[in-house]
Amino acid sequence: MCRATSTTGERSLSATKPPLRSRLRPQLTPRLARRLLQLYVGLTLYGASSALMVAAGLGPEPWNVLNQGLAELTGLSIGVVSIIVGAAVLLLWIPLRQRPGLGTISNVFVCGLAMDATLALLPDAHSLAVRIPLLVAGILLNGVATGLYITAAFGPGPRDGLMTGLHRRTGRSIRLIRTSIEVAVVVTGFVLGGTVGVGTVLYAVSIGPLAQFFLRRFAIPAPTAPGVVASGGPSEQAILQR
């Protein structure tokens, strides 16, 4: 009788306790959905913000100075050039033994496509009364986009991965490597016909504080379920020390 009672009790407990997969699903699925949303919204806004700075004609962010120069040289759109340059930078990860994530691959394509799409929708801006607001909006939106896609933690973009990979292999500071890379791409882009202006400088001095602010705003709480670990790339602090 005691054995039967025990078995019945176990069956009753098993019947009321959902399977492990069902118990984990409510905790994991909403978080993953939020991360994916932040990743793709962030990358789309990043491409759109780059387009606003390019359309302003007052100097884009450093890598788009290079993209502009290559676009002038090849006749390709700046978005297509951005995709090609991103893919080329990704190849440099191989000797650095960097591993791309979903965010890395998505960064290559989504930003370039979003930039071309936004530029196609924007009218030509000739007056400073229009160009200055475009520049300011582009820089602010870029800060929002950076906070969104970095906190999604699906891996760094190709350029950020190059920076952190060189940091690990050389032992040099993130700040020095970031500065060296961006000086090189700005000079190369300018020689090829890219625009360097007040927007390039304003972006350089403001993106750090803006990104830091929005990283805190969009940070996703760590999972509380035991044994669940969030995937991610380099730390937010490393990305900001650029």
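Remember, it's a predicted structure, so these values are computed and weren't measured experimentally. As a basis for the values below, the full set of heavy atoms in this structure was taken, side chains included, without hydrogen atoms, waters or symmetry mates.
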**Message:** Can you pull out every side chain to side chain donor-acceptor pair (under 3.5 Å) where at least one residue sits in residues 184-196? Sequence neighbours excluded, please.
**Reply:** Q68-T195
**Message:** Tell me which pairs pass side chain to side chain donor-acceptor pair (under 3.5 Å) where either residue lies in residues 99-121, with sequence neighbours left out.
**Reply:**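 Passing the test, one end in residues 99-121: Y40-S106, S77-D116.
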**Request:** Report the C-alpha separation of N142 and M53 in whole Å, then their side-chain angles, then the decisive distance to 0.1 Å, and conclude whether the side chain to side chain contact (heavy atoms under 4.5 Å, CB included) test is met.
**Result:** CA-CA 10 Å; N142 195 274; M53 286 184 274; 3.9 Å; yes
Quick one: [atom1] on [X] to [atom2] on [Y], what's the gap to the nearest 0.5 Å?
X	Y	atom1	atom2	answer
T74	I84	OG1	CD1	7.0 Å
I181	L176	CD1	CG	9.5 Å
L45	Q38	CG	CD	11.0 Å
S206	L140	OG	CG	7.5 Å
L36	F154	CG	CZ	4.0 Å

**Message:** Test side chain to side chain contact (heavy atoms under 4.5 Å, CB included) on H167 and S173; report intermediate values, then the result.
**Reply:** CA-CA 6 Å; H167 162 66; S173 71; 5.6 Å; no
Give me the atom names and distance for the closest heavy-atom approach of [X] to [Y].
X	Y	result
L162	W93	N-NE1, 3.4 Å
G86	P158	O-CB, 3.7 Å
G79	M115	CA-CE, 4.1 Å
A48	A114	N-CB, 4.2 Å
L122	A51	CD1-O, 4.1 Å
L58	R131	CD2-NH2, 3.4 Å

**Prompt:** Would you say the side chains of E61 and S50 form a donor-acceptor pair under 3.5 Å?
**Reply:** yes
Should [X] and [Y] be counted in the same cluster of Ile, Leu, Val, Met, Phe, Trp and Tyr side chains packed under 4.5 Å apart?
X	Y	answer
F213	Y149	yes
Y203	V183	no
L128	V201	no
V187	L70	no
V198	I132	yes

**Message:** I139 vs I207, test: side chain to side chain contact (heavy atoms under 4.5 Å, CB included). Steps then yes/no.
**Reply:** CA-CA 7 Å; I139 293 173; I207 190 59; 5.6 Å; no
Tell me, do [X] and [Y] make a side-chain contact under 4.5 Å, heavy atoms counted?
X	Y	result
L192	E72	no
L66	V186	no
L39	L148	no
T164	I174	yes
I220	R34	yes
V85	R159	yes
Y46	V144	no

**Request:** Determine, step by step, whether S82 and I78 satisfy the side chain to side chain contact (heavy atoms under 4.5 Å, CB included) criterion, reporting the C-alpha distance in whole Å, the side-chain angles of both residues, the deciding distance to 0.1 Å, and the verdict.
**Result:** CA-CA 6 Å; S82 174; I78 190 171; 5.6 Å; no
Do side-chain atoms of [X] reach the backbone of [Y] as a donor and acceptor pair under 3.5 angstrom?
X	Y	answer
R172	I177	no
R35	A153	yes
R169	P95	yes

**Request:** Using the test side-chain contact (heavy atoms from CB on, under 4.5 Å), find all partners of L134 that sit at least two apart in sequence or belong to another chain.
**Result:**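 Here the qualifying residues are L52, A55, A56, A125, V130.
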**Message:** Going by side-chain contact (heavy atoms from CB on, under 4.5 Å), name the residues that satisfy it together with F190, two or more places apart in sequence or in a different chain.
**Reply:** V196
**Request:** Kindly give the cluster partners of L121, where membership spreads through any ILVMFWY side chain lying under 4.5 Å from a current member.
**Result:** none
**Prompt:** In the hydrophobic cluster built from side-chain contacts under 4.5 Å, what are the other members alongside I94?
**Reply:** L91
